[in-house]
Amino acid sequence: MTKALRALNYRSGPLAIIGTRMDDITLTERAARRIGEILRREPPGTMLRVSVEGGGCSGFQYKFDMDRAQTADDVVIQRDGATVLIDQISVGYLAGSEIDFVDDLIGASFRINNPQATASCGCGTSFSL
């Protein structure tokens, strides 16, 4: 069974990503905790969808939505009761990224630490490659 799961690039445990390698996109404990808090107030089966779309002041922007529908090719990240969906097109822009949640003097927000980004705006929601 272990060989079969490894062949599918699936790892069980506190963090499981279905459909991509574990080192591609990670979810911090802080982000998972905050997502879990948000999802508990939503209807059962709701998940957080993270995507990348054109726009913003740097060319691309991150988008966060609630979604109850998972598509067959979505990458699914699960950690500590939080479920995040990422579409296949966005996965290419997010490869190697870390999804985090920060609460500092300028406010609380999800932040994506994207090693592919060559520049980003001051608020951290848009980037360029």
Side-chain angles (χ1 to χ4, degrees):
M1 176 104 176
T2 305
K3 282 185 177 179
L5 290 176
R6 197 173 301 127
L8 294 172
N9 291 325
Y10 179 84
R11 177 179 160 195
S12 62
L15 174 63
I17 298 180
I18 303 164
T20 192
R21 292 190 335 260
M22 286 299 294
D23 58 345
D24 279 352
I25 302 168
T26 58
L27 185 64
T28 66
E29 183 181 343
R30 285 187 305 254
R33 186 175 33 244
R34 182 63 180 135
I35 293 166
E37 291 169 2
I38 293 168
L39 294 180
R40 280 191 284 282
R41 294 187 299 239
E42 297 293 323
T46 303
M47 298 162 276
L48 178 70
R49 180 171 293 281
V50 177
S51 57
V52 174
E53 58 184 32
C57 52
S58 294
F60 295 99
Q61 61 189 0
Y62 302 113
K63 186 175 177 191
F64 301 90
D65 292 304
M66 296 299 163
D67 201 338
R68 295 186 68 206
Q70 176 183 336
T71 64
D73 63 347
D74 278 339
V75 169
V76 179
I77 305 172
Q78 296 175 322
R79 180 174 183 168
D80 302 331
T83 303
V84 176
L85 304 174
I86 304 172
D87 64 89
Q88 284 295 315
I89 293 172
S90 297
V91 165
Y93 294 102
L94 293 169
S97 294
E98 175 188 69
I99 301 170
D100 195 10
F101 181 77
V102 294
D103 190 357
D104 54 25
L105 290 175
I106 60 171
S109 64
F110 288 102
R111 298 256 170 89
I112 297 181
N113 301 312
N114 188 339
Q116 296 185 77
T118 57
S120 64
C121 67
C123 64
T125 60
S126 70
F127 66 100
S128 60
L129 298 176

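- Looking at heavy atoms from C-beta onward, E98 lies in side-chain contact with T28 at the 4.5 angstrom threshold.
- The shortest non-hydrogen separation linking P115 to A95 is CG-O, 4.1 Å.
- Closest of all the heavy-atom pairs between L85 and Q70 is CD2-CG, 3.9 Å.
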Please table the atom pairs, donor to acceptor, closer than 3.5 Å between any side-chain atom in residues 36-48 and protein atoms at least two apart or in another chain.
{"from": "E37", "atom 1": "OE1", "to": "R34", "atom 2": "NH1", "distance (Å)": "3.1"}
{"from": "R40", "atom 1": "NH1", "to": "G36", "atom 2": "O", "distance (Å)": "3.4"}
{"from": "T46", "atom 1": "OG1", "to": "P43", "atom 2": "O", "distance (Å)": "2.6"}

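- The distance from the CG atom of N113 to the OG atom of S97 is 8.0 Å, given to the nearest 0.5 Å.
- V52 and F64 fall within a single hydrophobic cluster, where Ile, Leu, Val, Met, Phe, Trp and Tyr are joined by side-chain heavy atoms under 4.5 Å apart, directly or via other members.
- A salt bridge links D100 to R30: one of the charged nitrogens lies within less than 4.0 Å of a carboxylate oxygen.
- Atom CD1 of residue I89 and atom CG of residue L94 lie 12.0 Å apart, to the nearest 0.5 angstrom.
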So I35 and L27, side-chain contact (heavy atoms from CB on, under 4.5 Å) or not? Walk me through it.
CA-CA 10 Å; I35 293 166; L27 185 64; 3.8 Å; yes
Stepwise side-chain contact (heavy atoms from CB on, under 4.5 Å) check, R79 with I99
CA-CA 12 Å; R79 180 174 183 168; I99 301 170; over 6 Å; no
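- Listed by chain and number, the residues in a salt bridge (charged side-chain N to carboxylate O under 4.0 Å, His left out) with D73 amount to none (sequence neighbours excluded).
- Residue pairs that meet the ring-ring contact (aromatic ring centres under 6.0 Å, His included) test with at least one member in residues 74-108, sequence neighbours left out, are F60-Y93, F101-F110.
- If you take OG on S51 and CD on Q88, they are separated by 13.5 Å, rounding to the nearest 0.5 Å.
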Using the rule given for side-chain contact (heavy atoms from CB on, under 4.5 Å), can you reason through I77 versus V50, listing the C-alpha separation, both sets of side-chain angles and the distance that settles it, and then say yes or no?
CA-CA 11 Å; I77 305 172; V50 177; over 6 Å; no
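- Electrostatic pairing of R49 and D74 counts as a salt bridge here, judged by a charged N lying under 4.0 Å from a carboxylate O.
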